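Below: the structure, in structure tokens.
Just so it is clear, the values below take in all heavy atoms, side chains as well, and ignore hydrogens, waters and symmetry mates. Numbered from 1 within each chain, the chains take letters A, B, ... in sequence-line order. In this text the structure is predicted, and so the values were computed from the model without any measurement.
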Amino acid sequence: MEQGLNSDSNAPPGPVDKSRVYEVRPLRCLVPVFPNPPGMSSISTPNPSPFVCVPPSGPFPPGVQPFYPFLVSNDSQPTTTGGGAQNQSGNFGFGSSIPAPVPLNSFRTPTPQANGESSRAKRASKTRGSASVVIEDDGYSDSQNHSDQYVSGFSMHVADADDASNSGKRRGRPKKIKSGNGEDIDVESLVNNLLTLYKLKEFDDFRRSSGDKDTTGTVLLVFDLIRRKLSQLEEARDGTTGVARRPDLKACNLLMTKGVRTNNSKRIGHVPGVDVGDIFFFRMELCLVGLHAPSMAGIDYMSVKITLTEEPVAVSIVASGGYEDDDGDDCNVLIYSGQGGVQRRDGQMFDQKLERGNLALEKSLHRANDVRVVRGIKEAGSAAKIYVYDGLYKIQESWAEKNKSGCNVFKYKLIRQPGQPEAFSLWKSIQQWRDGNATRPGLIIPDLTSGAETQPVALVNDIDGEKGPAHFSYVPSLKYSQPFPASRPSSGCHCLGGCQPGDSNCPCAQKNDGLLPYSSIGVLLNTKPIHECGSTCACPPNCRNRTTQAGIKVRLEVFKTKNRGWGLRSWDPIRAGGFICVYAGDIIKVTAGDFENENDDNYIFDASRHYEPLEPVHNSAASKKAPFPLVISAKNNGNVSRFMNHNCSPNVFWQPVLRESNSDVFLHIGFFAIRHIPPMQELTYDYGIPAKADRGKKKCLCGSVKCRGYFF
DNA sequence: GTCCCTTCAACTAC
DNA sequence: CGTAGTTGAAGGGA
């Protein structure tokens with residue numbers, strides 16, 4: 001299955017260790033031994049010896065000791081005299097006694113029969129499905145208060161969850177949600193509609209077991225749509241506090257029970273449809289695409305049959321800072337702690353055991369199979385954790401050491417396999433650029449906006465010697481001299497603390513079908529033209545219904561592409577639905593009629609063009625019907641969006657954003673992420689096809705499989 | 001199949 | 001902003 005251990009031509013230089021023993025016979029016949037004194041990390045030794053396997057009775061190579069750290073019972077180790085690690089936790093050795101062969105599964109935890117009473121008590125206190133809330137807030141913290149008001153039709157609670165006490169009774173999973181006026185809102189049908197829309201009804205076993213980019217993309221997309229919809233609906237109910245609400249779990253569960261998932265079967269190595277560098281915002285997303293199956297656990301493993309016996313091997317890990325891992329400078333090295341050793345309830349620590357994931361990692365060390373690594377990143381200033389698929393690693397060595405509580409912890413040193421795209425290391429680099437600890441290579445200007453935006457926008461060229469794009473004036477927004485006329489006069493809202501999702505009296509929410517179009521962190525929830533608050537609204541500038549007015553929130557850079565001139569990309573990860581920027585420039589047309597691009601202006605935004613429906617964006621074709629003919633030129637005046645290139649498979653789309661005041665309507669163009677966009681991935685959108693598509697046609701170099709071959 | 005257990009979540013409250 | 005407390009879902013294993 002996998003190549004031999006030392007066949008890797010890219011292995012780091014160093015003497016080949018002939019003492020390594022690679023037994024074909026089952027490992028249970030071998031005893032792992034460690035070359036270093038117990039408790040000492042081999043990282044710190046000048047010439048670390050590799051982990052070796054020898055027969056349990058010896059002979060041992062010089063400097064190695066038998067490793068029996070966590071013996072749990074005497075009967076599994078008949079010849080020891082010390083009675084196991086509990087009695088001699090400071091000493092991994094065996095003094096003068098040499099142990100007899102012990103199967104590795106002897107290290108497994110004995111079944112906790114003695115704890116029957118406590119587990120019974122735990123069981124009795126556990127109720128199920130009794131939360132009074134089913135539809136959730138958006139996954140990210142909302143600094144604004146929930147409204148206390150009910151919104152008719154959107155306030156929800158679990159239909160059968162009137163009993164929140166610990167009665168001990170188990171309840172079935174509620175499938176329906178009851179609105180405030182007693183009307184059932186069927187989440188099932190909501191989900192079913194989405195599945196039909198995205199053709200996930202006929203999800204076959206092949207797609208389920210083995211994915212591709214389309215499949216993973218669609219599954220993640222529908223997950224996020226459900227999650228966001230649940231959030232939006234829940235926000236519209238009254239603000240229940242003190243209830244842990246997890247739309248991510250519910251969205252995942254809905255999909256899982258319908259079999260909408262991919263890469264269902266575990267595998268060693270890459271997962272089809274997931275690229276190195278792809279980012280995720282929830283652990284459940286890792287489950288759904290088969291990158292990492294456990295919903296919480298850090299180590300995923302599978303059983304592999306070797307000749308007669310089966311043994312576990314690790315397939316993926318999530319390194320998320322849950323244990324006291326060393327955070328070294330080398331992004332290609334990961335020191336990973338084994339699992340267990342801590343009681344989640346009270347934080348009590350005890351020795352880790354060579355079982356489950358730990359055993360699998362140990363086996364994977366010997367089998368030298370690839371292990372996928374997902375890095376969890378906690379961004380400063382953000383409560384959110386982001387997961388980055390960092391590609392394939394191999395386990396180089398393992399050892400045990402004592403943690404701060406004096407308990408034994410397994411450690412595994414993983415080495416990133418060479419030849420993979422930058423992923424986690426890129427995040428580290430960006431962090432350095434941001435902190436000023438390193439200069440962005442190829443940096444020309446730190447901020448080409450000269451402070452016009454809330455975030456600096458770097459100008460970078462690490463391709464050739466060109467010093468920048470042709471001159472233009474940076475303007476952060478669209479300046480109207482002549483707004484569009486409103487069909488009916490609009491009065492602003494009176495939401496002094498900002499528009500709240502539960503406020504049925506807010507006229508701005510009403511314009512958006514009663515639901516605010518943005519989540520609390522500015523993620524777009526709608527697929528219709530957005531009605532934002534305008535100048536006659538009383539809400540403050542940080543109102544969430546002014547998301548596109550608040551300016552750019554991500555750190556962007558304008559960079560020289562290889563073959564498509566200048567482009568735009570982001571240092572920050574961008575969530576699906578996340579706001580990026582508006583299209584700024586000069587309005588050159590606000591009246592009906594065909595627009596003729598007579599000056600071969602390459603910086604035209606034309607809302608009246610035809611746009612192919614974006615499969616990933618629900619109802620995108622309908623939403624692209626801008627209510628007014630708007631043509632913007634960013635040739636002389638513009639913002640970052642003038643650098644966004646065309647792509648036939650874009651990762652950004654635009655939405656009409658309407659801001660009304662009295663009898664005036666100001667139409668703006670907001671750009672949002674179609675899917676999660678990792679840092680430094682070029683931001684592109686579909687330029688669309690003008691009504692007169694006979695001139696100005698340009699050769700498209702987007703390189704996507706769906707490339708039309710040209711753009712305008 | 002069921003039930004129980006474990007688990008580098010994600011949230012809210014203080 | 002740290003952390004303590006709360007509620008969890010999936011999958012392994014018995």
Side-chain angles (χ1 to χ4, degrees), chain A residues 105 108-113 115-116 118-120 122-134 136-143 145-146 161 164 166 170 173 227 231 234 239-257 261 264-266 280-288 290 292-303 310 312 315-325 334-347 352-353 355-360 373-378 380-387 409 412 520:
Chain A
N105 59 12
R108 284 163 188 271
T109 324
T111 48
Q113 303 289 0
N115 288 347
S118 65
S119 66
R120 213 185 312 126
K122 219 184 287 178
R123 211 178 305 135
S125 68
K126 194 172 184 179
T127 56
R128 180 184 165 90
S130 57
S132 61
V133 174
V134 148
E136 306 299 311
D137 193 355
D138 182 66
Y140 285 84
S141 58
D142 185 356
S143 57
N145 295 325
H146 292 271
N166 287 345
R170 288 175 178 275
R173 165 161 297 282
R227 191 189 62 80
S231 300
E234 160 59 14
T240 306
T241 56
V243 184
R245 302 169 299 173
R246 296 287 300 275
D248 55 323
L249 299 184
K250 296 202 174 66
C252 179
N253 181 262
L254 284 163
L255 290 178
M256 286 245 178
T257 52
R261 57 188 307 182
N264 197 8
S265 56
K266 295 191 177 186
F280 305 87
F281 288 80
F282 292 93
R283 280 289 296 264
M284 285 306 171
E285 296 180 328
L286 305 180
C287 305
L288 285 169
H292 187 84
S295 57
M296 289 181 70
I299 306 167
D300 192 8
Y301 55 97
M302 64 187 284
S303 196
E310 288 196 351
V315 294
S316 64
I317 59 172
V318 175
S320 197
Y323 290 81
E324 306 159 1
D325 291 329
L334 172 64
I335 309 296
Y336 191 79
S337 296
Q339 61 188 187
V342 58
Q343 194 120 49
R344 271 195 160 270
R345 279 237 171 266
D346 49 14
Q352 289 188 346
K353 300 178 185 65
E355 60 182 13
R356 301 171 187 274
N358 300 344
L359 181 62
V373 170
V374 177
R375 303 262 197 168
I377 298 173
K378 185 101 185 274
S382 165
K385 197 180 267 181
I386 299 174
Y387 299 95
V409 175
Y412 301 88
S520 56

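In terms of modelled atom types and a separation under 3.5 Å, the side chain of A:Arg283 and the main chain of A:Tyr387 share no donor-acceptor contact. A donor-acceptor pair under 3.5 Å is absent between the side-chain atoms of A:Asp300 and the main chain of A:His292, judged by distance alone. With hydrogens and angles ignored, the 3.5 Å screen pairs a side-chain donor or acceptor of A:Asn358 with a backbone N or O of A:Lys353. For the pair A:Tyr323 (side chain) and A:Val409 (backbone), a donor-acceptor distance under 3.5 Å is absent. The closest donor-acceptor contact from the side chain of A:Gln352 to the backbone of A:Gly341 lies at 3.5 Å or more, if one exists at all.
At the phosphate of B:dA9, OP1 or OP2 sits under 4.0 Å from a side-chain N or O atom of A:Tyr387. Using a 4.0 Å cut-off, some side-chain N or O of A:Tyr301 falls inside it from OP1 or OP2 of C:dG13. OP1 and OP2 of B:dA10 both lie 4.0 Å or more from every side-chain N or O belonging to A:Lys385. Taking 4.0 angstrom as the limit, A:Arg283 places a side-chain polar atom (N or O) nearer than this to OP1 or OP2 of B:dA9. Remark: A:Ser320 is in phosphate contact with B:dA9, judged by side-chain N or O atoms under 4.0 Å from OP1 or OP2.
Comparing atom distances between the A:Tyr323 side chain and each of B:dC8, C:dA10, B:dA10 picks out B:dC8 as nearest. Closest to the side chain of A:Lys266, out of C:dG12, C:dA10, B:dA10, is C:dG12. Across B:dA9, B:dA10, C:dA10, the shortest atom-to-atom separation from the side chain of A:Phe282 is found for B:dA10. Each of B:dC8, B:dA9, C:dG11 was ranked by its minimum atom distance to the side chain of A:Met256; first place goes to C:dG11.
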Take A:Val315 and A:Tyr301 through the side-chain contact (heavy atoms from CB on, under 4.5 Å) test and state the conclusion after the steps.
CA-CA 5 Å; A:Val315 294; A:Tyr301 55 97; 5.5 Å; no

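In this structure, the side chains of A:Cys287 and A:Phe282 stay at 4.5 Å or more apart for every pair of heavy atoms.
Put simply, CG on A:Asn358 is 9 Å from P on B:dT7, counting in whole angstrom units. Counting to the nearest Å, the C1' atom of B:dT7 and the CD atom of A:Gln352 are 12 Å from each other. Between the P atom of C:dA10 and the CG atom of A:Leu249 lies a distance of 8 Å, rounded to the nearest Å.
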DNA chain C base-pair string [pairs: Watson-Crick or G-U under 3.5 Å; |: paired with another strand]
.||||||.||||||

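In this structure, A:Lys378 reaches neither bases nor backbone, as no heavy-atom distance under 4.0 Å exists between it and the strands shown. Using a 4.0 Å heavy-atom cutoff across all strands shown, A:Gly357 reaches no nucleic acid atom at all.
The residue among A:Met284 and A:Gly340 whose nearest nucleotide of DNA chain B is located toward the 5' end is A:Gly340.
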